[in-house]
Amino acid sequence: ADGRYATRGRQSAGSNFRDGMSESFGVNSTEQVDGALFDRIEVIKGPAGVLFGQMDIGGTVNRISKRPLAVNKTAVAASYNSLGTFRETLDTSQVLFSDKSGKLAFRLAGVWQEGQSDDGSLDNRRALNPSIQYQSTKGDTLWLYYIYQNVASGTRDTIPADKNGNLFPYMDPGYPMFADTSPRWDNRRIYEAGYTKKFELFGEDSAFRIVARSLNNDQDRQNSAQGNYKVYDPSGKLLGTNATVIWDDITVGRLDWDGLIKSEQWFTVTGDSLNVDFSTKFRVLGGNNTLFAYFEGDKEKSRNHLIESAVR
């Protein structure tokens, strides 16, 4: 869910692409959107520096966005799993206008989910992805799309708390050690506009593409906790701190929260990127080859707010 993949044992950070355009805004600001909003995922295993410059040696991942189709098509799906999670998805593409010069089409993909992840933590999400595209009979394409996603999730920590994230000053022996102690709200908005022009250069098929993308990400993390607290058994004997005890081998009677810090954090990340690329085919010594050149630039701005208070 953090927008990264592991390929051949290596994290793909720095090697993530969407529609051939790198996602270079870091883990907390990368375009972490639901998989239902992608058409497919392409993977190049192993080093790909010859194509993309400096990349991770494990592999490169390129996620292809859902864009309007040339035909009318609608798909609706619903699911329910053993964790109690409901999930519904919608994907519809409709041709709005068509003549000898080209087609104008619209597509809408959406997700609604209510439930929890496999560790029992909260995982609710809402996402919408409308897009519109005009494609001429000559192959020229102009498109616009927008993504809105809202996710409410939780983190399973070794700090006992109720489902609302309220820390317990005391817990009875045998109480489960894992609970949702860090509720998190994540709002992402992504805007993109692009244009592709196809033409012939020296009698060979060529193409020029320009894409502009803007990302806005707001997150609110509440009740995250740090620091050590003391752990006692039912007789009052000090067993150690949360950093030293082995939870599976003890019976807990009481916790001393002195020194534990509870915090709430808000941060906003915005990023803008521009990609321009060109490709053309050519022949050398009887073989078919493709020349590809591109330029990419991006900027990022972030704001962070943190409030901390000691737990007593």
Side-chain angles (χ1 to χ4, degrees), residues 1-5 12 16-23 25 28-43 61-81 83 85-98 102-117 122-135 141-153 184-196 209-219 269-273 275:
D2 66 359
R4 295 177 295 175
Y5 299 88
S12 65
N16 287 344
F17 286 76
R18 174 122 72 96
D19 302 324
M21 186 174 177
S22 67
E23 299 180 333
F25 297 131
N28 287 324
S29 55
T30 193
E31 301 167 14
Q32 306 166 26
V33 300
D34 194 278
L37 306 185
F38 293 114
D39 196 50
R40 65 185 186 277
I41 297 178
E42 301 173 341
V43 179
V61 177
N62 183 31
R63 295 179 286 181
I64 306 301
S65 303
K66 287 185 173 178
R67 297 240 294 271
L69 304 174
V71 295
N72 294 335
K73 185 177 181 180
T74 299
V76 179
S79 64
Y80 175 79
N81 63 27
L83 298 173
T85 299
F86 292 93
R87 179 179 171 87
E88 291 78 32
T89 60
L90 167 69
D91 184 7
T92 181
S93 182
Q94 302 294 320
V95 176
L96 304 178
F97 170 80
S98 178
K103 288 184 178 182
L104 178 67
F106 172 81
R107 189 170 186 175
L108 176 65
V111 179
W112 181 91
Q113 178 175 303
E114 195 84 20
Q116 59 185 16
S117 60
L122 182 68
D123 189 10
N124 297 340
R125 59 185 63 200
R126 316 283 187 267
L128 283 175
N129 178 199
S131 59
I132 189 167
Q133 174 177 285
Y134 176 77
Q135 185 169 27
T141 305
L142 175 67
W143 71 90
L144 298 168
Y145 79 69
Y146 168 71
I147 289 178
Y148 169 78
Q149 178 174 276
N150 179 282
V151 175
S153 59
R184 170 176 168 174
W185 291 266
D186 187 336
N187 289 279
R188 297 176 187 270
R189 295 165 299 284
I190 301 170
Y191 311 83
E192 181 178 295
Y195 174 70
T196 298
R209 185 184 74 153
I210 181 169
V211 182
R213 184 180 297 163
S214 180
L215 165 74
N216 188 293
N217 173 31
D218 297 312
Q219 290 191 14
V269 178
T270 58
D272 301 303
S273 53
N275 176 275

Once rounded to the nearest 0.5 Å, what's the spacing between atom [atom1] of [X] and atom [atom2] of [Y]?
X: T196; Y: W143; atom1: OG1; atom2: CH2; answer: 4.0 Å
X: L96; Y: L104; atom1: CG; atom2: CG; answer: 5.0 Å
X: R126; Y: N150; atom1: CZ; atom2: CG; answer: 7.5 Å
X: I41; Y: I64; atom1: CD1; atom2: CD1; answer: 9.5 Å
X: N216; Y: I190; atom1: CG; atom2: CD1; answer: 10.0 Å
X: N129; Y: L37; atom1: CG; atom2: CG; answer: 5.0 Å

Once side chain to side chain contact (heavy atoms under 4.5 Å, CB included) is applied, do any residues pair with [X], and if so which ones, sequence neighbours excluded?
X: I210; value: Y195, F208, L274, V276
X: F86; value: Y80, E88, W112
X: Q135; value: Q133, T141

Should the pair [X]-[Y] be classified as a salt bridge under the 4.0 Å nitrogen-to-oxygen rule?
X: R67; Y: E192; result: no
X: D39; Y: R63; result: no
X: R107; Y: D91; result: yes

Could you check if a side-chain atom of [X] sits within less than 4.5 angstrom of a side-chain atom of [Y], using non-hydrogen atoms only?
X: S131; Y: Y146; result: no
X: T89; Y: V76; result: no
X: E114; Y: R87; result: no
X: N124; Y: Q113; result: no
X: Y148; Y: N187; result: yes

Has [X] got a side-chain atom pairing as donor or acceptor with [Y]'s backbone, closer than 3.5 angstrom?
X: Q149; Y: D34; answer: yes
X: N62; Y: D19; answer: yes
X: K103; Y: A70; answer: yes

